[in-house]
Amino acid sequence: MTNRLPNKESSRSVAVKSRLDYPVIDTDVHVNDYTPALEDYVQHYGSSALVDALRKALGGRFATRSAAGKDWYQQTPEERQHHRTLRSPWWARVTRNTLDLATYTLPDLLAERLQEQGADYSVLFPNDVLAPAAAGDEFRQPLHRAINHFHADLYRKHAHRLTPVAGIPLNTPQEGIEELEFAVKTLGLKVINIAGGVRRPIAAIAAKYPKAEHPEVARHASYTDFYGIDSPYDYDPFWAKVVELGVPVTTHYGSQGWTGRQSISNYMFNHIGHFADGSQAFAKALFFGGVTRRFPGLRVALLEGGADWGSHVFTHLVDRFEKRNRHAVQNYNPAEADIELLAALFEQYGADLTKGKPVNPQTLLRDSLGISALPHSRDPQGDELDDFLAAGIESVSDIRDRWVKPFYFGSEADDRTVAAAFNTKVNPLETRINAIWSSDIGHWDVPDLTEPLAESWDLVEQGVITADDFRALVFENPYRFYTEANPEFFAGTAIADKLAKR
């Protein structure tokens with residue numbers, strides 16, 4: 001058989017890498033599971049019923065089906081309109097580049113080609129790692145455990161340069177704790193991947209329309225629990241266990257199917273920005289729910305959404321805190337209005353509006369604000385006035401400590417908006433947002449795995465970011481993310497080797 005592997009010295013990324021005096025850490029590599037091997041492993045791990053549950057979970061992961069059981073491609077345009085069937089993803093993997101397709105599936109080949117890619121160490125996200133989340137209660141934990149075990153065994157011999165994440169279910173804090181402890185203590189996995197939220201039924205509707213009797217109602221009448229705020233469960237024990245075990249948390253949480261991302265015809269309409277929106281909701285829940293205050297050692301990477309939204313939210317958290325902290329919000333308290341002054345001004349300037357009718361000072365404020373501006377039955381009282389209370393925000397620097405420090409934002413190689421992360425003229429307190437380099441190889445946006453590092457360096461040559469920004473992106477920020485959670489994260493790896501030689 002002819003060896004079709006290219007010369008490792010030929011890629012643009014290798015040329016970029018040769019100029020660097022620091023290692024490169026790739027925080028987001030997607031690998032495929034070879035289905036026969038995975039199913040055989042699951043079969044021996046559990047039973048044929050567990051394999052059936054896996055197939056069902058994988059089959060229903062992205063497919064949006066109508067009441068008739070048809071997915072988007074089986075439905076007519078009229079049926080899609082009738083059922084409002086979401087246009088789901090298709091052709092999400094690299095195939096024309098057959099070498100890369102094999103690379104994402106064969107661990108030995110991936111390890112061999114890492115040099116060609118330009119990375120020293122990569123964190124792997126098997127595409128099926130969270131598929132068990134779609135399984136029923138009976139199979140969700142066993143499937144997660146089996147798949148995590150499969151990946152731990154598969155990549156163990158390449159631990160020097162590769163580490164797979166563990167998929168952790170979070171329908172309840174307890175199941176999350178159980179699978180976290182097994183993944184870390186038994187399997188030796190070092191990073192976890194979670195969904196940024198879990199769908200739950202709206203209790204009032206579920207009581208009136210039980211799922212068993214009204215499955216279509218149950219499918220739509222739900223909300224997303226983002227764990228940190230307004231959850232029916234207390235997730236603090238889970239976050240405490242994460243910090244205790246020294247585990248970095250990652251998520252690729254999307255929002256396709258949410259309001260504004262419900263096109264029944266266009267995948268790109270639903271896709272653009274959806275990771276940023278999904279991760280933003282999750283991160284804000286941790287912030288406003290006080291999770292990042294109570295667990296300052298928690299480190300969370302929000303992947304595939306870019307870093308510009310991290311800058312955006314940080315800026316607007318500061319803006320809103322300055323206008324609506326528990327003291328400043330009194331500027332909008334109706335009780336603070338000077339009724340006598342308001343009445344005098346109406347008398348002097350309001351003749352065209354009052355038409356000579358007497359003005360009642362007792363109702364003047366209500367009438368001038370408009371009934372629609374006061375839809376609530378009473379004014380908020382005490383702690384209800386302070387949306388920043390649980391987060392413990394007393395100053396802008398507190399926002400920096402509880403938003404910027406714990407969160408890291410995965411930025412893909414060709415994403416020019418990463419410049420926002422390093423723009424200290426825009427970010428409050430001259431802050432840099434923690435952008436981390438995420439090649440995203442293995443997905444359709446990277447048709448050639450040898451290009452991402454070079455594409456990121458292109459941003460330097462184009463003046464979008466500086467060479468120091470690039471260093472922070474591909475090394476300093478990722479290194480800090482993993483080692484702030486676990487100081488020994490890189491012990492015994494190629495990163496430790498390279499740093500020791502500097």
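Hydrogens, waters and symmetry mates play no part in the numbers below; they use all other heavy atoms, side chains included.
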With a 6.0 Å cut-off on the ring centroids, do His274 and His252 count as close? no

Evaluate the side-chain proximity of Ser279 to Trp309: yes if any heavy-atom separation is below 4.5 Å, no if none is. yes

Flag this pair as yes if the NZ/CZ of Arg299 is under 6.0 angstrom from the six-membered ring centre of Tyr482 and inside a 45 degree cone about the axis; otherwise no. no

For the side-chain contact (heavy atoms from CB on, under 4.5 Å) test, which of Val446, Val129, Ile441, Asp440 pairs with His30? Asp440

Is there a side chain to side chain contact (heavy atoms under 4.5 Å, CB included) between Ser122 and Leu124? Walk through the geometry before answering. CA-CA 6 Å; Ser122 295; Leu124 310 180; 4.2 Å; yes

Basic-acidic side-chain contact under 4.0 Å: Asp469, Arg432: yes

Can you find a heavy atom in the side chain of Leu109 that is under 4.5 Å from one in the side chain of Leu99? yes

Answer yes or no: is there an ion pair linking Arg199 with Asp225, defined by an N-O contact shorter than 4.0 Å? no

Output for pair (Arg96 CZ, Asp448 CG), nearest 0.5 Å, gives 13.0 Å

Before we go on, tell me: are the rings of Tyr121 and Phe490 under 6.0 Å apart, centre to centre? yes

Can you confirm whether more than 12 heavy atoms, excluding those of Glu488, are under 6.0 Å from its CD atom? no

In Å and rounded to the nearest 0.5 Å, what is the CD1 to OG1 distance from Ile194 to Thr250? 8.0 Å

Distance in Å, Arg471 CZ paired with Leu473 CG, rounded so as to fall on 0.5 Å steps: 13.0 Å

One pair to check against salt bridge (Lys or Arg N to Asp or Glu O under 4.0 Å): Asp100 and Arg93. What are the steps and the verdict? CA-CA 10 Å; Asp100 279 9; Arg93 307 287 179 260; over 6 Å; no

Regarding Lys284 and the six-membered ring of Phe226, is the cationic atom NZ or CZ under 6.0 Å from the ring centre and inside 45° of its axis? no

Is a donor from one side chain sitting under 3.5 angstrom from an acceptor on the other, for Asn171 and Arg200? no

To the nearest 0.5 Å, how far apart are CG in Asn270 and CD in Gln256? 5.5 Å

Surrounding NZ of Lys405 (heavy atoms of other residues, nucleotides or ligands, distance under 6.0 Å), is the total greater than 12? no

Could you tell me whether His44 atom NE2 has more than 12 heavy atoms of other residues or ligands within 6.0 Å of it? no

Which label fits Phe407 and Trp403: parallel for a plane angle under 30°, tilted from 30 to 60°, or perpendicular past 60°? perpendicular

Mind telling me whether Tyr235 and Trp239 have parallel, tilted or perpendicular rings, with 30° and 60° as the class edges? tilted

Regarding Arg156 and Asp153, does a basic nitrogen lie under 4.0 Å from an acidic carboxylate oxygen? yes

I'd like to know whether OH of Tyr223 has more than 12 heavy-atom contacts from other residues, nucleotides or ligands below 6.0 angstrom. yes

So, taking the atom named CD in Glu179 and the one named CD1 in Ile168, what distance separates them when rounded to the nearest 0.5 Å? 6.5 Å

Would you check, one step at a time, whether the test salt bridge (Lys or Arg N to Asp or Glu O under 4.0 Å) holds for Arg12 with Glu455? CA-CA 9 Å; Arg12 290 204 309 141; Glu455 288 179 326; 5.6 Å; no

Between Phe150 and Tyr41, ring centroids under 6.0 Å: yes

Would you say the rings of Tyr45 and His149 are close, in the sense that their centroids are separated by under 6.0 Å? yes

Given Asp401 and Arg293, is the salt bridge (Lys or Arg N to Asp or Glu O under 4.0 Å) satisfied, shown in steps? CA-CA 8 Å; Asp401 291 345; Arg293 172 181 63 83; over 6 Å; no

Sub-6.0 Å ring centroid separation between Trp444 and His271: yes

